[in-house]
Amino acid sequence: MGSNNSKQRVVIAGGGTAGWVTAAALSSQIGELIDIVLVESEELGTVGVGEATIPTHRSYHDIIGMNEADFMRATRATFKLGISFEDWGALGDKYFHSFGKIGISTWMADFHHLWMQAQSDGFGGDLGDYCLELRAAEAGKFAITEKPALNYAYHLDAGLYARFLREHSEKRGVKRIEGKFVDVRKNGETGFIESLIMESGEEIVGDLFVDCTGFRAMLIEKALGVGFDDWSHWLPMNSAVAVQTVGTGKIPPYTCSMARGAGWQWRIPLQHRVGNGHVYCSDYMSDDEARHVLDENVDGEMLTEPRVIRFKTGRRKKIWEKNCIALGLSSGFLEPLESTSIHLFQVAATRLVQMFPFSGISTAQTDFYNKVCEDEFLSVRDFVILHYFLTKRDDTAFWRDRQALDIPESLRQRIELYKQNSFVYQGEADLFRIDSWLQVMQGQGLASGNYHHVGKLMGADRLRANMEGYAAQVRSAVQKLPTHEDFLSRYCAVSDA
């Protein structure tokens, strides 16, 4: 592995969010040690609807040295404390998956076991009473505070975000080349990619190539032949119709996910508009029907023409093959139900920084990278499937079929642990914490049986006093917070938003 330069040359094929996330991570951390070139064409569009994030987004920004207020102004961003789910467990149901910790756990058992003991003793209230992020979201309040500190993420304009990351990266030495590549040249002996052949005839030589060409997977699949694990039998959604609308009313600090007859609808509030989309399975609903459902359920005037996006749920069999790493949609896709797409780009890019092959690519290195990426994808896959499998809806064929799923054994074990022992865990590869699994399981009506009796050791009076005291702290903290709109106006408002 080596080029004519003393530094290794990384060629990122494709821009968009994934390409510029990668460029920003590499340039901010090891840019002095490598040359980075990004090839993209203005003519090729991007999916550009991944506009909600999870709290790990903040860690990525810390790594690349991003100023939060500058980022939020540039991308017209708002804050996100979680996701409101409507009609998922049953028609008329509503629950909230917040980013917060629920109560205070002991080393012996998590807080919900204490709450279950309280429920058995006739007190304890709602589990949400013990989560600051949940109650703040419901009240439409937000602030960046130290004690107590809210755990939050963002809603952002994906197109503006890619542009902002581009500026950030180019200041750190990333070279952007405009144009399309029409061929990939490989080494006849090793099979490694040696260069991209541009439409203009220019040859872009590199040592390491990052495939950010989206669903087309021009390098990892078309050039190197790495296959795809199709998960459509578990997650059959294969289409989405997306549209932007004028914002109306208050800006809530959370995403909305509303279950529909053959899928679900998202609503993501930004400072200058609202992102809307309807995810559905074309086996149960036509494009025209899906468009009609979206038309009937959006607020505000449409700013764009609704567009249909096709996708297939699954993952690349290998993320790193030879001297090519797939990042973004070329590596796989999970529907944006829990806003994990950008996170998966970011964590793969930062892992590349940690495992950069300065001394050459080894099999042990690529095998480990692929295994860690696979475990992460599998865990997120199970979390998304959970939402569908736990439904009790029987009003359409789509929802009846979700209940009949033959789910992965890894997810079945989690469900049985909760049903039989109220036990929830976060594995080494799990992105989502115990509180997240718990909120979805409880929110969609999964009944649990036994629980840990640590609460009995405290005695009913002490347990009641501790729980009432914590719930009072949450109420007091929420009361002191400003509204989400007020905080945005002070912290990162945009004059033309």
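- Counting all heavy atoms, side chain and backbone alike, C324 lies closest to D211 at SG-CB, 4.1 Å.
- Side chains of Y284 and W399: a donor-acceptor N/O pair is absent below 3.5 angstrom, by distance only.
- Side-chain N/O atoms of H387 and E338 include a donor and acceptor closer than 3.5 Å.
- In this structure, R260 forms no cation-pi arrangement with Y280, as its terminal cationic atom is not both closer than 6.0 Å to the ring centre and no more than 45° off the ring axis.
- N370 and R316 form no side-chain donor-acceptor contact under 3.5 Å, judged by distance and modelled atom types alone.
- For the residue pair S339/K80, the side-chain donor-acceptor check at 3.5 Å is satisfied.
- Not one N or O on the side chain of N238 forms a donor-acceptor pair closer than 3.5 Å with the backbone of K312.
- For S489 and D486, the side-chain atoms include no donor-acceptor pair closer than 3.5 Å.
- The nearest pair of heavy atoms linking D435 to I102 is OD1-N, 3.0 Å.
- Counting heavy atoms from C-beta on, the side chains of F398 and M237 come closer than 4.5 Å.
- A distance of 6.0 Å or more separates the ring centres of F99 and Y152.
- Residues S98 and Q439 bring a donor and an acceptor atom of their side chains to less than 3.5 Å of each other.
- Side chains of Y154 and T78 form no contact here, defined as non-hydrogen atoms less than 4.5 Å apart.
- Here the side chains of S257 and F85 are in contact, with some heavy-atom distance below 4.5 Å.
- Side-chain N/O atoms of H155 and T255 include a donor and acceptor closer than 3.5 Å.
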Practice problem: Evaluate the ring-ring contact (aromatic ring centres under 6.0 Å, His included) criterion for residues F215 and F311: first the C-alpha distance (whole Å), next the side-chain angles of each, then the deciding distance (0.1 Å), finally the verdict. | Solution: CA-CA 8 Å; F215 291 130; F311 55 85; 7.1 Å; no
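- In this structure, K250 does not pair ionically with E485, as no charged nitrogen and carboxylate oxygen lie closer than 4.0 Å.
- Annotation: R433, atom CZ; neighbour count of heavy atoms from other residues, nucleotides and ligands within 6.0 Å is above 12.
- When only modelled atom types and interatomic distance are considered, Q444 and Y95 share a side-chain donor-acceptor pair under 3.5 Å.
- Using a distance-only test at 3.5 Å, with no hydrogens or angles considered, no donor-acceptor pair links the side chain of E374 to the main chain of R315.
- Looking at H272, its side chain never comes within 3.5 Å of a backbone N or O of A77 through a donor-acceptor pair.
- For the residue pair T53 / H343, no side-chain donor-acceptor distance below 3.5 Å is found, with atom types taken as modelled.
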Practice problem: Test side chain to side chain contact (heavy atoms under 4.5 Å, CB included) on V440 and W88 and set out the steps. | Solution: CA-CA 10 Å; V440 175; W88 277 84; over 6 Å; no
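- Distance alone, capped at 3.5 Å, is enough to place a donor-acceptor pair between the R414 side chain and the Y425 backbone.
- Under 4.0 Å is where a charged nitrogen must lie from a carboxylate oxygen, and between E376 and R381 no such pair does.
- Within a 6.0 Å radius of CG in D406, other residues, nucleotides and ligands contribute 12 heavy atoms or fewer.
- No hydrogens or angles considered: nothing links the side chains of Q426 and W437 as a donor-acceptor pair under 3.5 Å.
- Side-chain N/O atoms of E138 and Y254 include no donor and acceptor closer than 3.5 Å.
- For Y161 and H168, the distance between ring centers is not under 6.0 angstrom.
- Remark: the T391 side chain and the R402 side chain contain no N/O donor-acceptor pair separated by less than 3.5 Å.
- Salt-bridge check for R163 with E170: failed, with every basic side-chain N at 4.0 Å or more from each acidic carboxylate O.
- In this structure, a donor-acceptor pair under 3.5 Å is present between the side chains of N276 and T245.
- In summary, R412 and E416 do not engage in a salt bridge, as defined by a charged side-chain N under 4.0 Å from a carboxylate O.
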